[in-house]
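One structure is given here, and the rest of the page talks about it.
Naming convention: chains lettered A, B, ... in sequence-line order (proteins, then strands); numbering from 1 in each chain.
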Number of protein chains: 2
Amino acid sequence: MEKSPEKNLVQLSLSEEIFQKLREAIIVGEIPSGSKLSEPALAKRYGISRGPLREALSRLEACSLIERHPNIGASVVELSQQRLIEIYHIREVLEGLAARQAAYSITQPEITGLRGLLEQHKVDIRQDNGHAYFQKEGDFDFHFRIIQASKNDHLISLLCNDLYYLHRLYRYQFGMPSSSRSNAAFKEHENIVDAIENRDVELAEILMRRHIKASRLNVVKQLNSGINDKIISYTKKATDK
Amino acid sequence: MEKSPEKNLVQLSLSEEIFQKLREAIIVGEIPSGSKLSEPALAKRYGISRGPLREALSRLEACSLIERHPNIGASVVELSQQRLIEIYHIREVLEGLAARQAAYSITQPEITGLRGLLEQHKVDIRQDNGHAYFQKEGDFDFHFRIIQASKNDHLISLLCNDLYYLHRLYRYQFGMPSSSRSNAAFKEHENIVDAIENRDVELAEILMRRHIKASRLNVVKQLNSGINDKIISYTKKATDK
DNA sequence: ATGATCAATATTGTCGACAATTTAGCGAGT
DNA sequence: ACTCGCTAAATTGTCGACAATATTGATCAT
């Protein structure tokens, strides 16, 4: 998500670099959910002192990716279905707001770009039978484009940083369904772009909220049916607690 | 907002303690918006080393209260009307969600407590001619109660931590209007509680969103009319840029 | 007077060491 | 076998020092 060309020209501090590496390691499960983080071990692994590492841990805590307790240490958050659903609800209203504000603020070049993106996605769906549709990130992501078009900097920061990585964490760990809704999701995207292009702020918000809600309900359905093996394992854990 | 009794029994780390102190100093304007933060000066002022101070700065950055640039240092964020309005929009949809979820999840004792709070507020309004209505914080705050009743932990964290302090920063610095809408706001609160008590999730959300939107429009009106001296000074700054 | 250059000073980023706290392992007692 | 107490080791929190970078002020040239 940090795709700004300017940013790439600035030398990152060690703490920022380690923050990003740890975030990625947590999201892909290299550092498993629930596991204890040892500062000396991490410092050794990345070849740095504990000072900048602690700064990075501070930031990861602020992102809700880890929990820290004084004198005890840090651990990666436990994942739960409840938290996943909570995050979906929040994303629903925030992305609804993004669509509303995009319908107000979007520029013609941005609309053109959105249309082009949808055309490309249509091709992707045909070639991969829907498999690729939820794999794109950053500038190639439909949602990312809408959020940027909202021109609400704080909202962009909320959705494209903290919540984005939390969502990625759950998607990665829970192996979210990627192909079962491709055609429906694509159609919903088209309708959302129509509403945005028509500057229909109310409809854009409603359609985006429905779109996210449909994804949530789809996830809930699979959680409840136990189709996904990964989801079963987490379901069992949640029951034990 | 950190009113949990358990939390008070845990000895705070220096970095947490300094984080809270700096946050408060920024919010009340003791450290003015836009000003440069000197690590050596702050470390001397609080009598600590720069290590935990840097951790606290890391967290303040994550809260959007300061900005940090590698090798240059940290400064308190500049306040702008645009950012204030952005934050209002975000609060509108998130507090709307909180009201919706509270209408679903609230317990009878919580409702009883809300009614008691409203009765107390009615007395406050009569005694202080509305002046006290926006001064309560924490458990005495109407919004806080609704958010807690949503039972959405992540939403509670979002609204009661980051956004809460940002909003306080703007309220403190901009000297938000406190008495011009008291009676109307109180009536809106009553209607919201009615909807929540009736488990009418849609109405609760709509009414809460309208309530926040009315506050936003009230602020915008005063920003545009230049009634408030503090707001004028910030208006002038925004124009200069 | 203005702008460029350079050196001194200050600040930021990081390191390794020390103090405080927690954890893990072992032995003794029941 | 289980529990408790103790000690050593590990970890966490903080400190002060050093290296790298940025800022400031003085001097010189135009």
### Message
Using whole Å, what does the distance between atom P of nucleotide C/dG13 and atom CD1 of A/Ile18 come to?
### Response
15 Å
### Between C/dT22 (C1') and A/Lys36 (NZ): distance, integer Å
8 Å
### Message
From NZ of B/Lys44 over to C1' of C/dA10, roughly how many Å is that when rounded to an integer?
### Response
14 Å
### Message
Any side-chain to backbone donor/acceptor pair from A/Ser105 onto A/Ala102? Under 3.5 Å, distance only.
### Response
no
### Query
Rounded to the Å, how far apart are A/Glu61 CD and D/dT12 C1'?
14 Å
### Task
Measure from CG on A/Leu57 to C1' on D/dG13 and round the result to the nearest Å.
13 Å
### Message
Using the side-chain heavy atoms of A/Ile72, tell me which of these nucleotides is nearest: C/dG13, C/dT23, D/dC15.
### Response
C/dT23
### Query
Separation of B/Ile48 atom CD1 from D/dG16 atom P, in whole Å?
11 Å
### Summary
On DNA chain C, more 5' by nearest nucleotide between B/Glu39 and A/Gly47 is B/Glu39
### Task
For this output row, return yes or no: ring centroids of A/His143 and A/His211 closer than 6.0 angstrom.
yes
#### Entry: Option among A/Ile90, A/Leu94, A/Asn152 that satisfies the side-chain contact (heavy atoms from CB on, under 4.5 Å) test with A/Leu159
A/Leu94
### Query
Should A/Arg54 be listed as having a side-chain N or O under 4.0 Å from OP1 or OP2 of D/dT12?
no
### Task
Calculate, to the nearest 0.5 Å, the distance between atoms CG and OH belonging to A/Asn218 and A/Tyr88 respectively.
8.0 Å
### Message
Is the phosphate of C/dT14 approached by A/Ser49 (side-chain N or O, under 4.0 Å from OP1 or OP2)?
### Response
no
### Query
Which whole-number value in Å describes the distance from B/Leu14 CG to D/dT14 C1'?
7 Å
### Query
Can you tell me how far the CG atom of A/Leu97 sits from the CG atom of B/Leu97, to the nearest 0.5 Å?
12.5 Å
### Rounded distance (Å) that lies between atom C1' of C/dC15 and atom CD of A/Glu55
13 Å
### Query
Using a cut-off of 4.0 Å on non-hydrogen atoms, how would the nucleic acid contact of B/Leu37 be classed: base, sugar-phosphate, or nothing?
sugar-phosphate
#### Entry: Side chain of A/Pro70 (C-beta onward), nearest among D/dG13, C/dG13, C/dC15
D/dG13
### Task
Establish whether the base of C/dG13 is bridged to the side chain of B/Arg50 by a donor-acceptor pair shorter than 3.5 Å.
yes
